[in-house]
Amino acid sequence: MADRYHKFADLAAAMQAEVDYRIRHEDRGSPVVILAPHGGTIEPKTAEIAEAIAGTDLSFYAFEALKPGAHGDFHITSHRFDEPKALELVARSFTAVAIHGRKDDGTDAVWLGGRAAVLRDSIGAALRDAGFEATPNETLPGIHEQNICNRTGSGEGVQLELPRSLRHRLADNRGELQKFSMAVRSAILEW
């Protein structure tokens, strides 16, 4: 389904903050920000997963749709995602890791994308070491220079696409969520 809004200003003019959507953000002064630009009912559980990865020390941002509806009602494609608080936080960060959701395709593999190849590959290795599947993202590679994850100080970021089944498994099992989050965090902190 195509996006209903092509920029945040149009969405904000038609929808009401704290009723239709909310924005949560925390600038912790870290060089890495963890993002969920399609949280809430858009790509369910991505904000919760991003928040778990951010913990209490990494900067965090989530745009969350609060009302149910078609996927495109609140979804703004990543290379057009221009919500001002997100742009400011990402620009102050050296790099970003964006958590996204995708449809199930028969596998629980995390698709790895983004322009920060070294960090992307380190996250993939850490996830595999922790028992999760992780493969290069051929479908949604996240390499567009205007992709929200790449609008950082370095011009690079990482995009992780998680299938619905994995997102729900992580949300329903705190141990699995902690294992997943720690794997991503370990790659970030060692990088």
Original post:
Can you tell if the side chain of Leu166 reaches within under 4.5 Å of the side chain of Asp104, non-hydrogen atoms only?
Top reply: no
**OP:** Write out all pairs satisfying ring-ring contact (aromatic ring centres under 6.0 Å, His included) with one or both partners inside residues 107-130, taking only residues at least two apart or from two chains.
**Re:** none
Original post:
For the side chain of Arg28 and the backbone of Val33, is there at least one donor-acceptor N/O pair under 3.5 Å apart?
Top reply: no
**OP:** May I have the step-by-step check of side-chain hydrogen bond (donor to acceptor under 3.5 Å, both in side chains) for Glu18 and Gln16, ending in yes or no?
**Re:** CA-CA 6 Å; Glu18 301 304 323; Gln16 186 177 354; over 6 Å; no
Subject >> All salt bridge (Lys or Arg N to Asp or Glu O under 4.0 Å) counterparts of Arg102, not counting sequence neighbours >> reply: Asp105
**OP:** Answer yes or no: is there a side-chain heavy-atom contact under 4.5 Å between Glu133 and Thr107?
**Re:** yes
**OP:** Applying side-chain contact (heavy atoms from CB on, under 4.5 Å), run through Arg167 and Thr46 and close with a yes or a no.
**Re:** CA-CA 7 Å; Arg167 287 180 277 133; Thr46 56; 3.7 Å; yes
Original post:
Do Ser59 and Ser30 have side-chain atoms, one donor and one acceptor, less than 3.5 Å apart?
Top reply: yes
Subject >> Distance, nearest 0.5 Å, that separates CD of Glu26 from CG of Leu58 >> reply: 12.0 Å
Original post:
Is the side chain of Asn150 donor-acceptor paired with the backbone N or O of Gly157 at a distance under 3.5 Å, no angle test?
Top reply: yes
**OP:** Return the set of residues passing ring pair (Phe, Tyr, Trp, His ring centres under 6.0 Å) with His144 (not counting sequence neighbours), or none when no residue passes.
**Re:** His79
Original post:
So if you build clusters from Ile, Leu, Val, Met, Phe, Trp, Tyr with side-chain heavy-atom gaps below 4.5 Å, do Ile148 and Ile23 land together?
Top reply: yes
Subject >> Spatial distance of atom CZ (Arg151) from atom CG (Leu35) [nearest 0.5 Å] >> reply: 12.0 Å
Subject >> Modelled atom types, side-chain donor and acceptor of Gln159 and Asn147, under 3.5 Å >> reply: yes
Subject >> Inter- and intrachain pairs under salt bridge (Lys or Arg N to Asp or Glu O under 4.0 Å), touching residues 80-91, at least two apart >> reply: Asp3-Arg80
Subject >> ILVMFWY cluster, Trp191 and Leu112 together (side-chain gap under 4.5 Å) >> reply: yes
Subject >> ILVMFWY network linking Ile42 to Leu160, side-chain heavy atoms under 4.5 angstrom >> reply: no
Subject >> Pairing residues for Lys7 by the salt bridge (Lys or Arg N to Asp or Glu O under 4.0 Å) criterion, not counting sequence neighbours >> reply: none
Original post:
Is there side-chain contact between Ile188 and Leu119, with heavy atoms separated by less than 4.5 Å?
Top reply: yes
Subject >> Co-membership, hydrophobic cluster, residues Val90 and Val97, 4.5 Å side-chain >> reply: no
Original post:
Looking at CG of Asn137 and CD of Glu161, how far apart are the two atoms once the value is rounded to the nearest 0.5 Å?
Top reply: 5.5 Å
Original post:
Mind checking whether Leu66 and Thr41 have side chains closer than 4.5 Å, heavy atoms only?
Top reply: no
Subject >> Check against side-chain contact (heavy atoms from CB on, under 4.5 Å), Tyr5 and Asp73 >> reply: CA-CA 7 Å; Tyr5 304 104; Asp73 284 355; 5.9 Å; no
Subject >> Heavy atoms from other residues, nucleotides or ligands near CD of Gln146 exceed 12 (cutoff 6.0 Å) >> reply: yes
Subject >> Contact list for residues 175-191, test salt bridge (Lys or Arg N to Asp or Glu O under 4.0 Å), sequence neighbours left out >> reply: Asp57-Arg185, Arg169-Glu176, Glu176-Lys179
Subject >> Glu51: salt bridge (Lys or Arg N to Asp or Glu O under 4.0 Å) partners, not counting sequence neighbours >> reply: Arg24
Original post:
What pairs with Arg115 under side chain to side chain donor-acceptor pair (under 3.5 Å), at least two apart in sequence or on another chain?
Top reply: none
Original post:
Among all residues two or more places apart in sequence or in another chain, which pass the side chain to side chain donor-acceptor pair (under 3.5 Å) test with Ser186?
Top reply: none
Subject >> Single-linkage hydrophobic cluster, 4.5 Å side-chain cutoff, Leu177 and Phe60 together >> reply: no
Distance-only donor-acceptor pairs under 3.5 Å for side chains of residues 120-130, two or more places apart:
from	atom 1	to	atom 2	distance (Å)
Arg120	NH1	Gly114	O	3.1
Ser122	OG	Val118	O	3.0
Arg128	NH1	Ala134	O	2.8

Original post:
Is there a side-chain contact (heavy atoms from CB on, under 4.5 Å) between Cys149 and Glu156 once you walk through the steps?
Top reply: CA-CA 7 Å; Cys149 77; Glu156 298 180 340; over 6 Å; no
**OP:** Would you confirm whether Thr152, through its side chain, and Phe94, through its main-chain N or O, come within 3.5 Å as a donor-acceptor pair?
**Re:** yes
Subject >> Parallel, tilted or perpendicular: rings of Tyr61 and Phe81 (30°, 60°) >> reply: perpendicular
Original post:
Is there a side-chain contact between Pro37 and Glu43 (heavy atoms, below 4.5 Å)?
Top reply: no
Original post:
Taking side chain as C-beta onward, heavy atoms only, is Arg92 less than 4.5 Å from Asp27?
Top reply: yes
**OP:** Please tell me if the side chains of Ile49 and Leu162 come closer than 4.5 Å, counting only heavy atoms from C-beta onward.
**Re:** yes
**OP:** May I have all residue pairs that pass ring-ring contact (aromatic ring centres under 6.0 Å, His included) and include part of residues 15-36, sequence neighbours excluded?
**Re:** Phe8-Tyr21, Tyr21-Phe63
Subject >> Any pair counted as ring-ring contact (aromatic ring centres under 6.0 Å, His included), so long as it reaches residues 154-190, sequence neighbours left out >> reply: Phe132-Phe180
Original post:
Would you say the side chain of Phe74 lies within less than 4.5 Å of the side chain of Leu11, judging by non-hydrogen atoms?
Top reply: yes
